[in-house]
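Contents: one structure, followed by commentary.
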Amino acid sequence: MAEKLSADEKLKLMRHSMAHVMAEAVLEMFPTAQIAIGPAIDNGFYYDFELPRQLVAEDLETVTEKMKEIIKSDRTFVRTEVSREEAREKFKDQKYKLELLDSIPEDETVTLYSQGIFTDLCRGPHVESTKQLRTDSFKLMSIAGAYWRGKETNPMLTRIYATAWENKKDLRLYIEKLADIEKRDHRRLGKELDLFSMHEEAGPGLVYWHPKGARIRQVIEDFWRSEHYKNGYEMVYTPHVGKSWLWETSGHLDFYHDGMYPPMVMDKADYYAKPMNCPFHIMIYNNSKHSYKELPFRWAELGTVYRYEKAGALHGLLRVRGFTQDDAHLFVTPEQMDEEILKVLKFSLKMLHSFGFQEIKAYLSTRPEKAVGELAKWDAATEALRKAIEAEGLDYDVDEGGGAFYGPKIDLKIKDAIGRQWQLSTVQFDFNLPERFNMTFTDRDGLEKRPYMIHRALLGSIERFFGVLLEHYAGAFPAWLAPEQVKIIPVGDNCFDYCKELEDKLRMEDFRVSADVSSDHMKVKIKNAQKDKVPYMLVVGEKEMESGEFSVRLRTGKQQQWGDYDAFVKKLHSIVNSHQIEL
RNA sequence: GCCAGAAUAGCUCAGGGGUAGAGCAACUCUCUCGUAAAGAGUAGGUCGUCGGUUCGAUUCCGACUUUUGGCUCCA
C-alpha cells in the first residue's frame with residue numbers, strides 16, 4: 001500500500017472494500033447466507049449471495065444502515081496468508097468460497113482479508129480501514145439475479161448492485177447522469193415523439209413505425225441507398241421466407257436452430273422466416289456462372305430478418321425479434337480483397353460520420369480455436385482487415401480468437417453524445433457459406449475458384465441504429481433527419497391563409513413543414529413545436545406579412561434573422577444538404 | 001429461458017375488500033393573441049388476461065401475457 005495509486009485505482013480499491021462491508025452487513029442480517037463473489041465494477045460494486053429468503057426494497061435500506069455502522073466503527077482490513085487447509089476450515093460452511101478456493105492455482109498464495117468479524121477469501125488489496133470509506137458517497141441500487149459464475153446451468157444467486165464514488169458530489173453527479181440517460185431513453189422518446197410502438201396483442205419484439213418515425217427511417221434509408229449506388233453497390237430484393245433446403249445447406253438449421261422462428265408448413269415443405277439474408281444473395285450469385293472479370297459483386301439489401309430472441313433479452317428497439325439489416329455481401333477474387341476491404345471500411349466511416357458520430361473505434365477479431373477454412377485464407381483475410389484499419393489510422397483493439405468460426409471480422413463502435421459505446425458496423429469474412437453452397441468463379445487460368453465472401457452491415461440494423469440515434473440526439477434530430485423541419489406559427493387567424501401558402505411553398509421545396517392553424521394560442525403552438533423538437537419555427541404575423549422577412553426561432557430558444565423567404569430557403573437547403581448537426 | 005419488480009383513462013401517476021381519481025392530451029364553447037401552458041364545460045376506465053378465496057375482488061392468492069432491472073444469449 002506504500003506506492004502511490006492513481007485516482008482510478010484508489011476508487012477501485014475503495015469499491016472493492018465496500019463490497020466486503022456490504023457482505024458483512026448482509027451476513028449480519030442473514031447469518032446463514034452463502035457469499036459468492038463481490039468485485040468492483042465500472043460505477044461501483046456488487047456482491048452475490050445465496051439468501052434464506054427473497055430480498056425486498058426495504059432490505060436495501062437495512063443493509064445500507066448496517067454498512068454505515070460498519071464504516072463508522074473504523075475496522076481495520078487485515079490481510080493474512082493461510083494454507084489451503086486453514087482456508088478450507090475457515091470457509092467450511094461457505095460452499096461457494098470452497099469452490100473458489102479449489103480454483104486458485106496451486107502455486108498461488110491464498111490470502112484472507114478480515115474487517116471486524118467478517119473474513120473473505122480475497123486477493124486484495126483493500127483500504128487500510130473502513131474509516132477510509134465514506135458513508136455518504138455510495139448507494140445500493142438494485143437487486144438482481146445472477147447465475148453462479150455466470151453459467152446458465154448453475155444456481156441463481158441474489159446480486160446487490162451498488163454505486164460508489166470518492167465523495168458525495170461525484171455520487172450526485174452519477175445519479176444526475178442516470179437521470180439524463182433516462183430522459184434520452186429511446187423507448188421514452190419514441191412514445192413522447194410518437195415515433196414507434198410495440199404491441200402486447202401483436203407480439204413482443206416487433207416494431208410498429210408511426211408516421212414520424214417512418215419519416216426519419218425513410219430519410220436514413222434514402223441516404224443509405226444513394227450512398228450505396230455512389231459506392232458501386234447494386235440493390236437486390238429477396239424473399240422473407242425460404243424452404244428448409246436453404247437453411248440446411250447454409251447450416252443455420254444446425255447451428256442456430258434455437259434462434260429461428262419455427263417453420264411454416266406449406267405443400268409438404270417447411271418454410272422458415274429468414275434469420276439472415278446471405279443464403280438468398282448466394283442464390284442470386286449461383287444463378288449463373290461467373291468470370292473473374294465480373295467480380296467484385298457488391299450486393300446490398302435492407303433485408304428484414306426474424307430471429308427468436310429470448311423473452312428476457314428483448315429491449316426496446318435495441319433488441320427485437322424482427323429487424324432490418326442494412327446488409328450487403330461482397331464477392332471478390334483474392335486479388336481484389338485488400339482494396340475491397342479498405343473501400344468498405346472507408347464507406348463505413350463515411351456513413352457513421354454523416355450521422356454525427358465522430359469518435360469511432362475498431363475491434364479486430366481473429367481466428368478462434370474451432371474454425372472452418374484454410375489457415376492461409378484466414379491469415380490473408382485477417383491481414384487485409386488489419387491493413388485497412390491501419391491505413392485509416394483507426395484506434396483499434398484485437399480480440400485474439402474472438403472471430404466467428406467462419407471468418408475474421410472488424411466491428412466498429414461509435415461513442416455517443418454522453419460517451420456510451422455502441423457497436424454499429426461489422427465487416428465479416430465468411431469461409432463457410434461459399435463452401436456449403438459451392439460458389440465458384442472462373443479465373444483467368446480457366447480454373448474454377450472460390451470467391452471470398454464478405455458480409456457487412458454499416459448501421460447494423462435499422463431499428464437498433466434508430467434507437468441509438470434517438471438516444472444520441474436525445475430526440476432533437478439535426479434538420480436533415482428531423483421528421484418535421486419547420487413549423488409555421490401564425491400569430492393570429494388573420495395570417496392563417498398566408499401561413500398555409502407559405503407551408504405549400506416550403507413543401508414544394510422538399511422541406512418537411514406544417515403550419516399550425518389550430519385554435520390554440522400562439523404560445524401554446526410554440527410550446528407544442530418545442531415539445532416535438534421541431535428545429536425551426538417561423539412565427540408569422542402582420543409584421544412578417546408586410547416585410548416578407550422572417551425571424552426564425554430555433555428549438556434551442558434562440559432567435560435568428562435569416563432574411564427574406566428566398567434567403568430562408570437557401571439557408572435551410574444548405575443546412576439540410578450538408579447534414580449539418582447544429583441548427 | 002432464469003431471478004426480482006411492475007401493469008389503474010391516450011400519456012404521467014394517485015388510490016385502495018363495498019365496482020375509481022388528478023394533471024396533461026382529446027372534444028365543445030368563449031378569447032384572436034408577438035416567441036414554452038387563456039378561461040369554462042364535456043366525454044373518457046371490464047383497474048393487463050384467466051382462475052381461486054370472499055356475501056362482495058380493481059384491491060388478497062395463483063397462473064398466463066406484456067414490461068422494467070439484472071443473469072444468460074446475440075449467426
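In the text below, chain A, chain B and the rest are named by the order of the sequence lines, each starting its count at 1.
Side chains of A:Ser425 and A:Lys413: a donor-acceptor N/O pair is absent below 3.5 angstrom, by distance only. For the residue pair A:His455/A:Gln428, the side-chain donor-acceptor check at 3.5 Å is not satisfied. In this model, a donor atom of one side chain and an acceptor atom of the other lie less than 3.5 Å apart for A:Gln530 and A:Arg553. Between A:Glu50 and A:Tyr96, the side chains place a donor N or O and an acceptor N or O closer than 3.5 Å (distance only, hydrogens not considered). Under 3.5 Å, the side chains of A:Ser514 and A:Lys487 contain a donor-acceptor pair of N or O atoms.
Across all strands shown, A:Gly150 has heavy atoms under 4.0 Å from sugar-phosphate atoms exclusively, and none from any base. Counting non-hydrogen atoms under 4.0 angstrom, A:Val524 reaches the backbone sugars and phosphates but no base. Backbone-only contact: A:Gln54 has heavy atoms under 4.0 Å from sugar-phosphate atoms and none from a base. Among the protein residues, A:Glu542 comes within range of the nucleic acid bases, having at least one heavy atom under 4.0 Å from a base atom.
Judged by distance alone with a 3.5 Å cut-off, no donor-acceptor contact links the side chain of A:Lys527 to the base of B:A36. Taking only distance into account, the side chain of A:Ser519 never meets the base of B:U32 through a donor-acceptor pair shorter than 3.5 Å. In this model, a side-chain donor or acceptor of A:Tyr147 finds a partner on the base of B:G1 within 3.5 Å. Side chain A:Arg319 to base B:C74: a donor-acceptor pair is found below 3.5 Å.
Between A:His455 atom NE2 and B:C74 atom C1' there is a gap of 13 Å when expressed in whole angstrom units. Rounded to a whole Å, the CD atom of A:Glu50 is 13 Å from the P atom of B:A4. For the pair A:Leu317 CG and B:U68 C1', the computed distance is 16 Å after rounding to whole Å.
Comparing B:G34, B:G70, B:C73 against the side chain of A:Lys543 picks out B:G34 as the nearest. Comparing B:G34, B:C73, B:A36 against the side chain of A:Ile526 picks out B:A36 as the nearest. Across B:C71, B:U35, B:A75, the shortest atom-to-atom separation from the side chain of A:Gln559 is found for B:U35. Taking every side-chain heavy atom of A:Lys523 into account, B:U35 is the closest of B:C74, B:U35, B:U72.
When the C1' atom is compared between B:C27 and B:C64, the two are found 38 Å apart, to the nearest whole Å. B:C60 and B:A22 have their P atoms separated by 23 Å, given to the nearest Å. Rounded to whole Å, the P atom of B:U58 lies 15 Å from the corresponding atom of B:A7. Of the C1' atoms belonging to B:C74 and B:G5, the separation is 25 Å, rounded to the nearest Å. The separation of B:C61 from B:A57, taken at their P atoms, amounts to 16 Å, rounded to a whole angstrom. With both ends at atom P, the span from B:U59 to B:U53 equals 14 Å, rounded to whole Å. Between B:G51 and B:U12, the two C1' atoms lie 32 Å apart (nearest whole Å). For the C1' atom pair drawn from B:C24 and B:A36, the interatomic distance equals 15 Å after rounding to whole Å.
Side-chain nitrogen and oxygen atoms of A:Lys531 include none within less than 4.0 Å of the OP1 or OP2 phosphate oxygen of B:A25. Distances shown here put a side-chain N or O of A:Arg187 below 4.0 Å from the OP1 or OP2 atom of B:U68. Close to B:C73, at under 4.0 Å from its OP1 or OP2, lies no side-chain N or O of A:Lys310. For A:Arg53, no side-chain nitrogen or oxygen approaches OP1 or OP2 of B:C3 to under 4.0 Å. Contact between the side-chain N/O atoms of A:Arg553 and the OP1/OP2 oxygens of B:A36 is found at a separation under 4.0 Å. Within the 4.0 Å cut-off from OP1 or OP2 of B:U67, not a single side-chain nitrogen or oxygen of A:His315 is found.
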Next item on the list: Step by step, work out the side chain to side chain donor-acceptor pair (under 3.5 Å) result for A:Tyr308 and A:Asp258.
Entry: CA-CA 7 Å; A:Tyr308 175 78; A:Asp258 290 345; over 6 Å; no
Note to self: Under the criterion side chain to side chain donor-acceptor pair (under 3.5 Å), I'd like the reasoning laid out for A:Thr249 against A:Trp247: C-alpha separation, chi angles, the key distance, then a yes or no.
What the structure shows: CA-CA 5 Å; A:Thr249 308; A:Trp247 310 111; over 6 Å; no
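The neighbour count for A:Glu182 CD, taken as heavy atoms of other residues, nucleotides or ligands under 6.0 Å away, does not exceed 12.
Secondary structure note: stems in RNA chain B built from 3 or more consecutive Watson-Crick or G-U wobble pairs under 3.5 Å occupy B:1-7 with B:65-71, B:10-13 with B:21-24, B:26-30 with B:38-42, B:48-52 with B:60-64.
Of the two residues near RNA chain B, A:Glu544 and A:Arg149, the one whose nearest nucleotide lies more 5' is A:Glu544.
Rounding to the nearest 0.5 angstrom, the gap separating the CG atom in A:Asn432 from the CZ atom in A:Phe255 is 6.0 Å.
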